[in-house]
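Just follow the structure's listing: the first ligand is 1, and inside any ligand the first atom is 1.
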Amino acid sequence: MEYSHQSIEQKWQKFWADHQTFKTAESTDKPKYYVLDMFPYPSGAGLHVGHPLGYIASDIFSRYKRLKGFNVLHPMGYDSFGLPAEQYAIQTGQHPAITTETNINRYREQLDNIGFSYDWSREVRTSSPSYYKWTQWIFMQLFDAWYNKNADQAAPIQQLIAHFEQHGSLGIQAEADEDIQEFTAEEWKSFSEEEQQKELLKYRLAYLRESTVNWCAALGTVLANDEVINGVSERGGYPVEQKKMMQWSMRITAYADRMLRGLDTIDWPEPLVEMQRNWIGKSVGATVKFPVPQLSTFIEVFTTRVDTIFGVSFVVLAPEHELVDALTTDDQRSEIESYIDRTAKKSELDRMADTKTVSGAFTGSYAQHPITGEDVQIWIADYVLASYGTGAVMAVPSGDQRDYVFAKHFNLPIIPISDSQDISEAADSNKEGLYINSDFINGLSYQEAVPALIERLESLKLGKAKVNFRMRDAIFGRQRYWGEPVPVYFKNGLPYLLKEEELPLLLPEVDKYLPTETGEPPLGRAEGWKYQGAYEYELSTMPGWAGSSWYWFRYMDPQNQDAFASKTAVDYWKSVDLYIGGSEHATGHLLYSRFWNKFLKDLGFHNEEEPFKKLINQGMIQGRSNFVYRLLDDEGRGTNTFVSVGLKDQYAHIPLHVDVNIVQNDILDVEKFKLFRPDFAQAEFILENGKYICGTEVEKMSKSKYNVVNPDDIISQYGADTLRLYEMFLGPLEQAKPWNTNGIEGVYKFLRKLWRLFHNAAGEFEVSAEQASKAEYKALHKIIKKVEEDIERFSFNTSVSAFMICVNELTELKCNKREILQDLIICLEPYAPHITEELWSLLGNEAGAISYAKFPIFNAAYLQESEFAYPVSINGKMKMNLSLALDLDQQAVEAILKENADVQKYLDGKLVKKIIFVKGKIINMVV
Ligand code: ANZ
């Protein structure tokens, strides 16, 4: 029988599904191992060959771990709330739930075709009520919690209320809003219900507050900073403006320090760790107050360089700073206002990215230097960000490059603070010894001067040490339909939670998926949708990242009705041992997930500080585009003649993308090309050696470039096992690489060759029970060792070529020994599960049992060489090679040399004085 991938693969996929081969339970004494993929958003386009790369790698690892005796949790699900289904709903009126369901079915079909060993009984969908009930429940826990700095963890808000009732605000150290009040217990009790709720909102980990947001009018929603690229939305490229709105936020900043510390305890790629570090952006410095006597107020700045304070020659506020209006003098008002208008159009990211344009305006007012008391001008400029530090800086042109450029541009004073006259050098050095000599810090080192300065500022009540984080609290809401409803209603303008037993709060039906006429989110259209028929629900829905910030817990116990996951399941599976996914989630999903994980730990729901122990980013598979070259006529218009790539430079031409699916090994199927587009029906070709050869280029895989390859097509032609092996064979998992089908035949041939080892010349299955030879054992144990080492270090590509070598060796040895072949297919099972299942059962084993077989044990003895070809020299001159057993000692070797005719010929009767013998290396005879 010939190797027929189609029937074999269908047969085994059905078998696995029917027998639930990969269903996982907690009740086992095997050690656990949790392998997680970043679950997909089920888009309408389906999977292309780039998508499964990470899934194949994680599946290989999962299957390998099972063979190694682990109880493996390897689930899959769908991140199924999101914008594309909603955009489609707006265009067509089709409910996003229907689009989502269709897309999921398509994804499932494609995933099944690849032969993944997922436990589908644990599938989750973030958009299903039984799942989002728990997303809402977690939101409620966050709303009902505060962050206790003394304990460095979150705690129930009830505990805070109890403290307020007994001691007032005294003794509370919280991560909270800046404007929290001080009050006694009596005062607290005298507050109205409304006043108490307002105060508590400043402490809650999920809270409402007015904030500047990235408003995207075209998408009708607020976007997170990482969803805005160069001032336009990441999805769709629509303009984004800054706008003030009441928004739900998550106090992720409370966890900033723990998130930083945690990075040292996990095994993640260094660039990813670095991105998170920068995103969190811890800065150790001080806040300093510059008095503004005429307004009896202060301008507070944040600086990491308090040592440069004597170089301050002006202060700069962000244009949005709350004091700008009061500080602006009549003379300067029109200039300031027009400047504010101009900068409002730029996003924060644009402002940070633009280091070239210098712009700003003078308010007309002055502040006092906190130590020297001198007057300094107050300016506004958009290089100062409203959302960072205090939204104001003390400008030190002799210490800071941006301040220097600004001072030069507007002709502001520059006070030297360094011996160095070269300002760029001084700014670069950016470390020590830049402060000028001043009485009380005279002679102190930088390390001593900073605390001395802070002490002085503290005694003046004009400053204090301060640690700042660049990370902001995360906006938690969007003005869209297709997301989780927030389980909150409003009474007297204040938010209240639903009761736990009222969950899930179902997404209501609406007539259109658009904002209301009055600009409210789509949920505002739901008729009669009121809490207890009386109170307004929150109308925004949760952001895309809500459902994905805890999904790994749900897989542990997906059907649980009483908890997001049972304690038993969570205690058993703990955290994810291996997480594979794309690097685009570095500062979104992977930060939010760490945050929610830590929060749920603080409340005692589990014990793991970090959710994902090891993480690997798979590289992108790029498309390999093909081009045809269309000849141009004298007027530069495209003709209907196409020239092969090698000849194209002899003609005026333009390149055109051509569908890679009608090109094989860069040779165009000209008949299919004529059907590709109606205007090509009459196409003519200038060929090379009778063929039309296409040009190529590596680009992003996308429909518009006609370079999308669908895994289903590869699978129907070559099979899933070939696809799996080939995706790995393309190169190291972490690297970006182009999809190039040119080598896929080689992999397919390898599988057919493997198949033939088990079959005789007549094509009948035939293996021998004889004992294997040394050479056969050697081939087998080489591959056992290699596969084990490769998989353990996630080097999947290198095993594929080793398998090919092994099968070639065994073919040459004409090996059909059962004991060799059976172990070989166990090694190969993680990569090519279908063919190995088939061969396994042909060998007479229990069907399906190969998935739980024992990975063969490597025996080093088989790799030891038993003979060595010694170079034999006479007086240091190499004469010949002599193969001898490696276990011979000097005496035995000398005896053999004496007997050997060739050796005697070279000696030509000369007397041997001494024989130098180094085992496994050389023989030298001294005559
Ligand atoms: C004086 C100074 C002198 C500064 C000097 C730097 C060098 P990181 O490390 O990013 O925290 N800064 C403070 N708030 C800002 C804001 N809202 N927008 C823009 N810039 C702001 O950097 C903190 C430094 O960035 C602060 O220290 C401040 O400038 C500036 F030789 O103060 B520095």
Side-chain angles (χ1 to χ4, degrees), residues 178 212 225 242 253 256-257 260 277-290 299-324 343 346-355 357-360 367 369-371 376 378-408 412-420 422-436 446 449-450 453-454 457 462-472:
E178 295 276 309
T212 312
N225 281 340
Q242 306 297 297
T253 49
D257 230 359
L260 271 183
R277 250 188 220 123
N278 287 334
W279 188 266
I280 297 167
K282 182 175 182 171
S283 284
V284 180
T287 53
V288 180
K289 287 177 171 172
F290 284 66
I299 290 173
E300 190 170 45
V301 304
F302 172 70
T303 177
T304 46
R305 296 297 312 275
V306 70
D307 59 307
T308 64
I309 196 159
F310 296 104
V312 175
S313 53
F314 54 100
V315 294
V316 187
L317 311 185
E320 303 89 339
H321 196 283
E322 56 185 14
L323 287 177
V324 173
T343 59
K346 295 201 233 165
S347 79
E348 243 183 37
L349 280 169
D350 287 342
R351 282 162 59 167
M352 284 193 282
D354 183 2
T355 50
T357 354
V358 187
S359 69
H369 190 287
I371 295 178
V376 292
I378 305 170
W379 284 68
I380 65 168
D382 68 8
Y383 77 84
V384 179
L385 304 175
S387 62
Y388 187 63
T390 59
V393 306
M394 57 180 218
V396 185
S398 49
D400 182 278
Q401 187 66 30
R402 288 169 314 176
D403 298 344
Y404 175 75
V405 174
F406 196 82
K408 276 281 179 207
L412 292 161
I414 298 175
I415 305 171
I417 49 164
S418 158
D419 293 341
S420 165
D422 180 349
I423 169 66
S424 56
E425 190 187 315
D428 279 352
S429 69
N430 199 26
K431 265 178 222 82
E432 301 183 11
L434 284 189
Y435 55 89
I436 53 159
Y446 172 82
V450 171
L453 269 164
I454 290 178
L457 288 165
L462 289 177
K464 54 176 191 275
K466 166 99 181 154
V467 176
N468 231 339
F469 291 94
R470 184 163 301 120
M471 182 165 68
R472 301 272 66 96

* **T308 contact mode with ligand 1 (heavy-atom cut-off under 4.0 Å)** => side chain

* To do: Could you establish whether S283 and ligand 1 come within less than 4.0 Å of each other, counting only heavy atoms on the residue side?
  => yes

* Asked: When rounded to the nearest 0.5 angstrom, what is the spacing between OG1 in T287 and NZ in K464?
  -> 4.5 Å

* To do: If the plane angle is over 60° it's perpendicular, under 30° parallel, otherwise tilted; pick one for W379 and F406.
  => perpendicular

* Asked: Can you check whether P413's main-chain N or O pairs, donor with acceptor, with S313's side chain at less than 3.5 Å?
  -> yes

* To do: Please identify which atoms of ligand 1 are closer than 4.0 Å to at least one heavy atom of V384.
  => 16 (C), 17 (N), 18 (N), 19 (C)

* ligand 1 versus D400: contacting region, heavy-atom distance under 4.0 Å -> both

* Proximity winner for atom 23 (C) of ligand 1, if only heavy atoms of T304, D307, V393 are counted -> T304

* **Side-chain heavy-atom pair T303, V396 within 4.5 angstrom cut-off** => no

* So do the side chains of F290 and I378 get within less than 4.5 Å of each other, counting heavy atoms only? -> no

* **G399 N/O to ligand 1 N/O under 3.5 Å** => no

* Asked: Is ligand 1 less than 4.0 angstrom away from at least one heavy atom of N468?
  -> no

* Any idea which atoms of ligand 1 are less than 4.0 Å away from a heavy-atom of Y383? -> 18 (N), 19 (C)

* Asked: Counting both backbone and side chain atoms, is some N or O of R305 under 3.5 Å from an N or O of ligand 1?
  -> no

* Asked: Counting both backbone and side chain atoms, is some N or O of Y388 under 3.5 Å from an N or O of ligand 1?
  -> yes

* Side chains of F314 and L412: does their closest heavy-atom pair fall under 4.5 Å? -> yes

* Should you measure from each heavy atom of M394, which atoms of ligand 1 turn up under 4.0 Å away? -> 1 (C), 32 (O)

* Backbone or side-chain N or O of D403 under 3.5 Å from ligand 1 N or O -> no

* Asked: With a cut-off of 4.0 Å, which atoms of ligand 1 are near a heavy atom of R402?
  -> 19 (C), 20 (N), 25 (O), 30 (C)

* Within a strict 4.5 Å, meaning less than it, do heavy atoms of the V376 and M394 side chains meet? -> no

* Donor-acceptor under 3.5 Å (T390 side chain, E300 main chain) -> yes

* To do: State, with a plain yes or no, whether a side-chain heavy atom of K282 is found less than 4.5 Å away from one of L260.
  => yes

* Hey, is ligand 1 close enough to R470 that some N/O pair sits below 3.5 Å? -> yes

